[in-house]
Engineer: 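I have a structure here, written as structure tokens, and I will follow up with some questions on it.
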Amino acid sequence: MARLDTIIRNGTVVTAADTVACDIGIKDGVVVVLGRDLGDADEVIDISGLLALPGGIDSHVHFAQPSGPDIVMADGFASGTLAAACGGNTTVLPFCMQQKGQSLREALKQYHAAADGQCHVDVAFHMIITDPTEQVLGQELPALVEDGYTSLKIFMTYEGMALNDREILETLSVARETRALVMVHAENYDAIRFLTDRLERAGKTAPRYHATSRPIPVEREATHRAISLAELIDVPIVIVHVSNGEAMEEIRRAQIKGLKIFGETCPQYLVLTEKDLDGLNMEGARYVCSPPPRDAASQTACWDGLSTGVFSLFSSDHCPFRYNDTHGKLVPKGRTSFRWVPNGIPGVETRLPILFSEGVGKGRIDLNRFVALTATNHAKMYGLYPRKGTIAIGSDADIAIWDPRRKVTISQSLMHHGSDYTPYEGLEVTGWPVRTIVRGTMVAGDGIAAGKPGHGRYLSRTRSLLAARP
Ligand code: DUC
Ligand code: ZN
Ligand code: ZN
């Protein structure tokens, strides 16, 4: 065997299936051998007492996405992927959003130009379809799926983005024909508009009313409808950012029926609640995201969804804005109503430590499920497996080294994202990613950038393995 580039020695290797004490041999960015006594290498990394996990794959992040007049997203691809790397991730899947009237190719050109040469970790794009014309659905989308853009998101809410039921059905039909995977933002647009108008008329405009304007039935109804429409077309879908037990039960029921309906939840639904939106003045704007964080019972239900397998994905939904910024959470119009506060919170750097500490550390999930929920299932769901998402011979050497005993208090001072706050300030966690390796190269170590932007590559993807039909 040719001399190895790197050996990672004396650690415990954890995958979605196994926990094994063995060494990892890396050549040309790929894992080439797993075992003991691997000989010598150009670089030997001793990780006694530490864990080697597949690098996290965060399949739901937003970078450099236009977010409305005068609003600027706080992360581009350089800071967003650096934050991802420091948080133990080796691949991220941001969205490429079609503007109304824009061709999908044109949108992709812009996002590729923004990402090119900037990324610290590997990157692939989901499309967001906001304008499902005949040309887009009939010509553009099928060609893009063939080119490796094999997933797309649709919205059931938001001005200028929500698709009506007919448009959803047309989009799902094309997904069925092309074997693309559709991610659905499930909230009822008309119900939110009705409740928002009513709250504003009553003078209830503070950030806390964001949660009041989109209560659980708004999400549950849309989840049920999305599942029903997918059942009509006979096509798999992913319900993203599920926040509560009622929506989760809709997914569970569909799964028991044998439908290929997948679910994703996020850190904000495990450790935040609606009460966090209560801050004085505009403080609550820091936590405005959709769906909103709920209550303790919803948190328990989301844990149940993670531990029983109703949810196969745990993502951050990193959608960062600065707080103390008139182009962010404190946009002047936002003071007149929660309606105008940009939706989204940062989380790409904290997703993994929160699930590790609150989930594995507190005995709610085991380490193998942690790996499945944060890496392996994302790779299988979105067409990156087995190149990504596991530690196996032939897979890319995308590895996060974890110190399972390290205690950290999450704080903005530790973060690398472009936002000026973390919604998880003060949360104490045990377990931290201390080194992140992408294709054999260290990109972050002890919270410091170790690589250069540009090491991260664009990934073309195959169809989903999990959503494949027989
Ligand atoms: N949906 C997302 O997926 N992210 C942020 C905002 C939203 O509505
Ligand atoms: Zn969404
Ligand atoms: Zn999102």
Side-chain angles (χ1 to χ4, degrees), residues 67-68 100 128-132 153-172 182-232 237-254 261 263-266 268-269 272-278 284-285 287-295 297-298 301-302 317 319 333-334 336-345:
S67 305
K100 274 259 191 271
I128 292 178
I129 307 289
T130 59
D131 202 1
K153 184 178 177 191
I154 58 173
F155 285 82
M156 297 172 82
T157 187
Y158 290 133
E159 198 72 39
M161 297 178 82
L163 305 194
N164 62 35
D165 288 356
R166 173 67 190 250
E167 291 171 324
I168 294 173
L169 287 164
E170 302 282 6
T171 306
L172 292 177
V182 178
M183 309 158 79
V184 182
H185 179 128
E187 289 185 295
N188 181 315
Y189 180 44
D190 281 331
I192 292 168
R193 280 198 300 187
F194 169 81
L195 293 170
T196 300
D197 290 346
R198 201 168 69 174
L199 285 162
E200 284 181 346
R201 280 198 303 273
K204 296 179 172 174
T205 56
R208 75 162 68 98
Y209 295 108
H210 170 77
T212 324
S213 74
R214 41 220 313 154
I216 287 172
V218 164
E219 185 182 345
R220 186 198 62 221
E221 183 278 331
T223 302
H224 180 88
R225 184 156 38 100
I227 292 170
S228 301
L229 299 180
E231 185 180 6
L232 268 180
I237 56 169
V238 183
I239 307 288
V240 293
H241 47 49
V242 177
S243 72
N244 69 88
E246 295 188 24
M248 189 268 283
E249 289 302 340
E250 294 289 342
I251 299 170
R252 194 200 307 267
R253 233 188 330 272
I261 306 294
E264 173 203 77
T265 193
C266 314
Q268 51 269 39
Y269 308 121
L272 301 179
T273 70
E274 188 176 352
K275 290 217 176 332
D276 287 301
L277 277 86
D278 271 355
Y287 302 93
V288 166
C289 61
S290 295
R294 308 288 185 185
D295 56 10
S298 299
C302 287
D317 195 3
C319 186
K333 261 178 112 176
T336 68
S337 169
F338 61 85
R339 185 199 290 259
W340 306 111
V341 174
N343 261 261
I345 60 176

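Remember, it's a predicted structure, so these values are computed and weren't measured experimentally.
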Engineer: Specify the closest pair of heavy atoms between G245 and A301, including all atoms of both residues, with the distance to one decimal.
Structural biologist: CA-CB, 3.3 Å
Engineer: For a 4.5 angstrom cut-off between non-hydrogen side-chain atoms, does T212 reach L199?
Structural biologist: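 Yes. Closest side-chain heavy atoms under 4.5 Å.
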Engineer: Quick one: do H210 and V341 satisfy side-chain contact (heavy atoms from CB on, under 4.5 Å)? Show the steps, please.
Structural biologist: CA-CA 9 Å; H210 170 77; V341 174; over 6 Å; no
Engineer: Quick one, R294 with E246, criterion salt bridge (charged side-chain N to carboxylate O under 4.0 Å, His left out). Give me CA distance, side-chain angles, the key distance, then yes/no.
Structural biologist: CA-CA 12 Å; R294 308 288 185 185; E246 295 188 24; over 6 Å; no
Engineer: Stepwise, does the salt bridge (charged side-chain N to carboxylate O under 4.0 Å, His left out) test hold for E170 with R166?
Structural biologist: CA-CA 6 Å; E170 302 282 6; R166 173 67 190 250; 2.8 Å; yes
Engineer: With a 4.5 Å heavy-atom cut-off, do Y269 and P291 have their side chains touching?
Structural biologist: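 Yes, their side chains come closer than 4.5 Å.
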Engineer: Using a distance-only test with no angle check, is there a side-chain donor-acceptor pair under 3.5 angstrom linking S337 and E200?
Structural biologist: yes
Engineer: Quick one: does M161's side chain get under 4.5 Å of H185's, heavy atoms only?
Structural biologist: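 Not touching, per the 4.5 Å side-chain cut-off.
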Engineer: If you compare all heavy atoms of E187 against all heavy atoms of S290, which two are closest, and at what distance to 0.1 Å?
Structural biologist: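 Minimum heavy-atom separation between E187 and S290: OE1-CB, 3.6 Å.
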Engineer: Can you measure from OG (S298) to CE (M248) and round to the nearest 0.5 angstrom?
Structural biologist: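 Answer rounded to 0.5 Å: 10.0 Å.
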Engineer: Counting N and O atoms only, with roles assigned by atom type, does the side chain of T265 sit under 3.5 Å from a partner on the main chain of V242, one being a donor and the other an acceptor?
Structural biologist: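 At least one qualifying donor-acceptor pair exists.
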Engineer: Could you give the distance from CD1 (I227) to CZ (R253), rounded to the nearest 0.5 Å?
Structural biologist: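 Rounded to the nearest 0.5 Å, the CD1-CZ separation comes out at 8.5 Å.
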Engineer: What is the distance from atom CD of E219 to atom CD of E250, rounded to the nearest 0.5 Å?
Structural biologist: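 E219 atom CD to E250 atom CD measures 10.5 Å (nearest 0.5 Å).
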Engineer: Report yes if some heavy atom in the side chain of L277 is under 4.5 Å from a heavy atom in the side chain of V288; otherwise report no.
Structural biologist: yes
Engineer: With side-chain contact (heavy atoms from CB on, under 4.5 Å) as the criterion, how do D317 and V240 come out once you've worked through the C-alpha distance, each side chain's angles and the decisive distance to 0.1 Å?
Structural biologist: CA-CA 9 Å; D317 195 3; V240 293; over 6 Å; no
Engineer: Is any side-chain heavy atom of I237 closer than 4.5 Å to a side-chain heavy atom of L229?
Structural biologist: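 Contact flag for I237/L229 side chains = no.
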Engineer: For the residue pair I168 and V184, establish whether any side-chain heavy-atom pair is separated by less than 4.5 Å.
Structural biologist: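 Not in contact.
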Engineer: Indicate whether any N or O donor in one side chain lies under 3.5 Å from an N or O acceptor in the other, for E159 and Y189.
Structural biologist: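 On atom types as modelled, these side chains qualify, holding a pair under 3.5 Å.
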Engineer: Go through it in stages, so that I can follow the logic: the residues are R339 and D197, the test is side-chain contact (heavy atoms from CB on, under 4.5 Å), and I'd like the CA-CA distance, side-chain angles, deciding distance and then a yes or no.
Structural biologist: CA-CA 9 Å; R339 185 199 290 259; D197 290 346; 2.6 Å; yes
Engineer: Which heavy atom of K100 sits nearest a heavy atom of D131, and at what distance?
Structural biologist: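 It is C-OD2, 3.7 Å.
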Engineer: Looking at every heavy atom in both P207 and A285, which two are closest together, and how far apart are they?
Structural biologist: CB-N, 3.6 Å
Engineer: Do the ring planes of F338 and Y209 sit parallel (below 30°), tilted (30 to 60°) or perpendicular (above 60°)?
Structural biologist: tilted
Engineer: Roughly how far, to the nearest 0.5 Å, is CZ of R220 from CG of N244?
Structural biologist: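 So the CG of N244 and the CZ of R220 are separated by 9.0 Å.
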Engineer: Can you check whether P293 reaches D276 side chain to side chain, under 4.5 Å on heavy atoms?
Structural biologist: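 No, every pair of side-chain atoms sits at 4.5 Å or beyond.
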Engineer: Roughly how far, to the nearest 0.5 Å, is OG1 of T130 from OH of Y158?
Structural biologist: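 These two atoms lie 14.0 Å from each other.
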Engineer: For a quick test of reading the model, state the closest non-hydrogen atom pair linking I251 to I239 and the distance between them.
Structural biologist: CD1-CB, 3.9 Å
Engineer: Do L195 and P215 touch side chain to side chain, with heavy atoms closer than 4.5 Å?
Structural biologist: yes
Engineer: Find the distance between CG (L272) and OG (S243) and round it off to the nearest 0.5 Å.
Structural biologist: 12.0 Å
